[in-house]
Structures are given as structure tokens and as C-alpha cells.
Amino acid sequence: PYYRLDVCGYRPEDGPAKGKLIGFTIYANYDGLQSILDTTNKELDSLPEYYKQRCLNYHDDLFKLISKKEKSRVLVLGAGAGMDVSSGLRNGVAEIDAVEIDPAIAEMGKNIHPEKPYLSPKVHLHVADARTFLKNCKEKYDAVVFAYLDSHAAFSCLSSLRMDNYVFTSEALQEAARVLKPNGQIAVGCVLMTNWLYDRHALALFNATHSKIVGEHAQTPAKANTASLFAGPAIDSLSSLPEGLEVVTPRQGVQLATDDWPFLFLEKKQIPTLYIWPILMIILLSVLPLCTQFKQGAGKPSNWLMFFMGAGFMLLEVRAMADMSLLLGSTWQTNSVIIAGVMLMILLATALASSISRKWVVFLAAGLFASLLLSLLVPPREMALLGSSMGIVAGTAISMLPMGFAAVLFALFFREMKKPGEALAFNLVGGVLGVFCEYGSMALGLAALGYIAAVIYAVALAFYTRSVKTELQQ
């Protein structure tokens with residue numbers, strides 16, 4: 001999911017290990033992602049007090065309620081380079097399934113982590129998207145650990161609002177609860193910047209497990225802006241709580257993150273003001289260079305047909321990226337596959353349009369609206385239930401089918417434009433509008449984008465009808 005990864009050596013500025021290389025820090029897209037340190041007892045004493053406490057608490061906290069009396073099996077989601085996995089091994093976990101989406105970071109865990117947790121026979125590493133793994137998981141666990149999966153997103157400024165964080169949605173926690181053993185638990189480590197985010201995690205956990213919630217929201221130097229929450233049958237059976245933990249009463253009425261509204265760091269359904277002004281400025285800058293074409297062609301229904309065809313197609317494309325991100329993971333590879341698929345689809349649509357006549361418009365329009373309805377009734381992200389290969393094929397087909405019909409319609413319409421340059425200008429500006437319509441998902445949810453696309457294409461076809469009538473009159 002990251003376009004750039006940097007690894008830098010970590011040398012303490014104070015303490016017995018001052019100036020000594022004791023670990024590494026991984027930076028993702030120039031933001032700090034995680035540290036790799038040797039947390040064995042031998043090395044802990046050489047660390048500065050701050051890092052010593054951080055190592056003892058930051059990762060170990062998520063495993064402190066797991067029983068050491070039994071052979072426990074734990075699923076770690078967002079395992080990274082293995083710090084949480086090494087904490088699990090250190091705390092007596094008998095078997096760990098570690099899920100990490102980025103193969104490069106997983107390799108770092110194998111090669112440069114001092115404790116080599118991924119080489120332990122007790123650890124099974126899965127390079128996969130956490131949600132896809134959960135949907136297809138047939139195993140049962142004593143604990144499912146969400147290992148600070150949001151830590152990088154939380155420190156990415158406004159980009160965190162646009163990162164569809166499907167890992168902490170209500171549906172994700174319900175899937176985690178499904179793979180628990182009868183006396184299992186869910187442990188969530190998260191980065192907090194506001195109290196409402198803590199309330200959101202607590203309520204989502206309660207709805208998923210219907211159990212007592214305990215947690216720690218401490219503002220100590222070693223745990224600044226972090227929190228841990230625990231839920232599940234194992235928590236209900238606790239007779240006492242370790243120091244630092246307290247019972248959490250979920251606050252009702254908190255807006256929960258869902259698969260339809262996965263904006264973890266947005267407090268409520270709205271488009272942030274800081275987004276609105278840049279959007280308006282970009283739209284204005286997009287229109288200014290084409291003012292001449294707009295002035296000359298604004299009275300032609302055929303140009304507005306092309307405008308709304310552009311808006312609808314771009315909205316379908318960004319909607320497909322959101323759906324496929326949940327099916328395949330939010331990675332650059334996913335976006336690349338979708339964009340490449342769209343380019344290929346446009347090429348095939350152009351070839352098909354050259355061999356058919358305008359009488360096919362009605363059938364293609366019917367196919368467009370039918371496929372849009374299908375994608376609304378059967379979201380592509382649900383295809384993960386069919387398994388890895390079949391799910392990808394079915395999900396991709398449902399997601400891309402509306403764009404296929406739309407591409408053929410566009411090719412048919414554009415072929416008949418008397419002033420293609422003018423029509424293309426309208427189409428390009430419409431495409432910009434379509435991209436920004438996708439931001440409406442922050443206020444309305446992702447499913448609403450399908451309905452918005454249907455309305456846009458209905459308007460486009462209305463302009464097509466007007467353009468045909470105008471053509472007949474002339």
C-alpha cells in the first residue's frame with residue numbers, strides 16, 4: 001500500500017546505549033511507521049528508560065490478558081515487521097498467525113528484526129489483506145489482535161480521511177468475533193487523537209462481541225496518544241483487572257465506521273471544510289482553459305451529453321477502486337489493476353462501437369442501469385466469501401460491468417460528434433466533476449455513489465434524446 005519505504009538505524013541519544021545501533025525505524029511515504037528493536041531481557045537494559053517502557057508496554061499490553069496456562073493460538077492483524085509477534089512469543093503464545101499486507105515490510109521482519117520472529121516454528125506468516133483473510137478464515141483463535149493498524153494513517157494529515165480504513169469497521173470486528181473460540185477475546189491497539197475515537201472503537205467492539213469492554217487510555221510518555229481495548233467472552237470471565245485497565249461503558253450515539261462509511265478519522269458524516277475550498281478551486285481551474293469551447297458549445301445538447309458521460313464514468317471508476325480495495329486491499333497494485341482494466345475496456349469498447357449502430361443505445365443503456373443495480377444489490381466486496389480466486393473474478397466482474405456498458409455508449413456517442421474537440425472539452429470537465437462527486441461518500445456513504453451515478457447517466461441519456469430530436473428537426 002506504500003509507494004515508498006525507508007529504513008533508518010536507531011541510535012539512542014541518551015542512556016547506556018547512547019550512539020549505539022540498537023534497532024531500526026521504518027518510514028512509509030516519509031511518515032514514521034514502526035520501530036524494530038530487540039526487546040529481549042538482555043537488550044532492554046541498554047535502552048533509554050523511555051524506550052524501555054515503550055517496549056514493555058506498547059506491544060506487550062495487547063497480550064497481557066491472554067492466559068499463559070493454556071496453549072493459546074493468536075491471530076495478529078497488521079503484524080508489520082514482527083514487533084507484536086515477538087511480544088506474543090515473549091508472553092507465552094503457543095501459535096501465531098501473522099497477517100501483513102506489505103511483502104516488503106514482511107521481508108524486513110524476516111531479515112533485519114533482531115529476534116527473527118517470523119522464522120519461529122510457532123509463527124505462520126500470511127502476506128495478505130486483513131479483511132480478505134478474515135472473510136476466508138476457517139480457523140478459531142483464543143485472541144485476535146488488531147496491532148495498531150491505524151498508526152500510520154493517523155499521522156498522515158488529511159490523507160487519513162481519504163484512507164478507507166476497512167480494518168476497523170463494524171463489519172471487520174464482527175468478522176473477528178466470528179473466528180474466536182468460545183472463551184476468546186479481541187484486543188485492539190489504536191492511536192488516539194480525540195476522545196470520540198476511543199468511544200467509537202469501544203462501541204464497535206461492544207456491538208461485535210456483546211461483552212464487557214475493558215481498556216486503557218493512558219497519556220504517559222511511553223504511551224502518548226495510544227490506547228488498548230479488550231472484549232469477548234474471555235473478558236466477561238475475568239474476576240479482576242490488571243493495573244491500568246478499567247471497565248469501559250460504550251457511549252451510544254457515536255457514529256461508527258462501517259464498510260459503507262469507512263472514514264475512521266472523520267467524526268461524523270460530512271465533507272470537511274478543508275476539502276471543499278480546494279475542490280471548488282480545482283473545478284474552476286479546470287473550466288477556465290476551456291471557456292471558449294464552453295461558450296461556443298453550451299447550447300448544444302450533445303455537448304452536455306458528453307459532459308455527463310464523463311462525470312458518470314469517472315464516478316464509476318473511483319467507486320470501483322473503493323469496492324476492490326475492500327476485496328483485494330488498499331494497495332497501489334489494486335489501483336493499477338483497475339486503471340489498466342479501464343484502459344483495456346475503453347479500447348475494446350471503441351472497437352465494438354465501430355461495428356454497431358445507434359439502434360443499440362437502448363439495449364446498452366438498459367445493460368448499464370441493470371449492472372448498476374446489480375452492484376448495489378450485490379456489492380463486489382461480498383464476493384470475498386467465494387474464496388480468493390473466485391471472489392476476485394466475481395467481484396471484478398460486478399464492479400467493472402457498468403463501466404463496460406458506459407464505455408461502449410461513450411464510444412457510440414463520440415463517434416457522431418460533429419465537433420469532437422468541443423465535445424471532448426465538455427467530457428473532460430465532466431470527468432473532473434465526477435471525481436469530486438466521489439467525495440460525497442464522506443457525507444452519504446459509498447453505496448450512495450451508485451445512485452448518484454445512475455442519476456448522472458439518466459441526465460446524460462435525457463440530453464441524448466434532446467440531441468436526437470434536434471438532429472431530426474435540422
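Reckoned from all heavy atoms, side chains included, excluding hydrogens, waters and symmetry mates.
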Drop me the distance from Y198's OH to L229's CG, to the nearest 0.5 angstrom.
-> 4.5 Å

Heavy atoms, side chains only, cut-off 4.5 Å: are F369 and L461 in contact?
-> yes

Going through the checks in order, is the side chain to side chain contact (heavy atoms under 4.5 Å, CB included) test met by L75 and F146?
-> CA-CA 9 Å; L75 171 63; F146 288 76; over 6 Å; no

By side chain to side chain contact (heavy atoms under 4.5 Å, CB included), which residues pair with L256, not counting sequence neighbours?
-> S170, R200, L203, A204, N207

Can E416 and R358 be counted as an ion pair, charged N to O under 4.0 angstrom?
-> yes

Mind checking what makes ring-ring contact (aromatic ring centres under 6.0 Å, His included) contact with H113, not counting sequence neighbours?
-> none

Do V76 and V99 have side-chain heavy atoms sitting under 4.5 Å apart?
-> no

Evaluate whether atom NZ of K140 has more than 12 neighbouring non-hydrogen atoms of other residues, nucleotides or ligands under 6.0 angstrom away.
-> yes

Apply side-chain hydrogen bond (donor to acceptor under 3.5 Å, both in side chains) to the pair Y166 and D129, showing each step before the final yes or no.
-> CA-CA 10 Å; Y166 290 114; D129 173 63; over 6 Å; no

For S211, side-chain hydrogen bond (donor to acceptor under 3.5 Å, both in side chains) partners two or more places apart = T209

Residues two or more places apart in sequence or in another chain: which of them pass salt bridge (Lys or Arg N to Asp or Glu O under 4.0 Å) with K181?
-> D142

Can you tell me if CE on M343 sees more than 12 non-hydrogen neighbours from other groups inside 6.0 Å?
-> yes

Please list, chain by chain and in numerical order, all residues satisfying salt bridge (Lys or Arg N to Asp or Glu O under 4.0 Å) with K110, sequence neighbours excluded.
-> E107

For E175, check side-chain hydrogen bond (donor to acceptor under 3.5 Å, both in side chains) against everything at least two apart and list the hits.
-> R131, K135

By side chain to side chain contact (heavy atoms under 4.5 Å, CB included), which residues pair with Y451, not counting sequence neighbours?
-> L376

Please identify each residue that fulfils side chain to side chain contact (heavy atoms under 4.5 Å, CB included) with P278, with sequence neighbours left out.
-> none

Residue list, side-chain hydrogen bond (donor to acceptor under 3.5 Å, both in side chains) with R251, at least two apart or on another chain = D199

Decide side-chain hydrogen bond (donor to acceptor under 3.5 Å, both in side chains) for S441 and R319; before the verdict, give the C-alpha distance in whole Å, the side-chain angles of both, and the deciding distance to 0.1 Å.
-> CA-CA 9 Å; S441 62; R319 177 174 175 260; over 6 Å; no

Crowded around K419 NZ? As in, over 12 foreign heavy atoms under 6.0 Å?
-> no

What's the spacing between T465 OG1 and F463 CZ if we round to 0.5 Å?
-> 11.0 Å

Not counting sequence neighbours, which residues clear side chain to side chain contact (heavy atoms under 4.5 Å, CB included) with F206? List them please.
-> I213, P250

Look at the rings of H126 and F133 and say which category their plane angle falls in: under 30° parallel, 30 to 60° tilted, over 60° perpendicular.
-> tilted

Classify the angle between the aromatic ring planes of W261 and F263 as parallel (below 30°), tilted (30 to 60°) or perpendicular (above 60°).
-> perpendicular

Can you find a pair of side-chain heavy atoms, one from Y464 and one from R466, that are under 4.5 Å apart?
-> no

Does Y457 have any ring-ring contact (aromatic ring centres under 6.0 Å, His included) partners at least two apart in sequence or in another chain, and if so, which?
-> none

side-chain hydrogen bond (donor to acceptor under 3.5 Å, both in side chains) between D259 and T169, worked out | CA-CA 6 Å; D259 285 351; T169 64; 2.8 Å; yes

With sequence neighbours left out, what residues match W360 under side-chain hydrogen bond (donor to acceptor under 3.5 Å, both in side chains)?
-> none

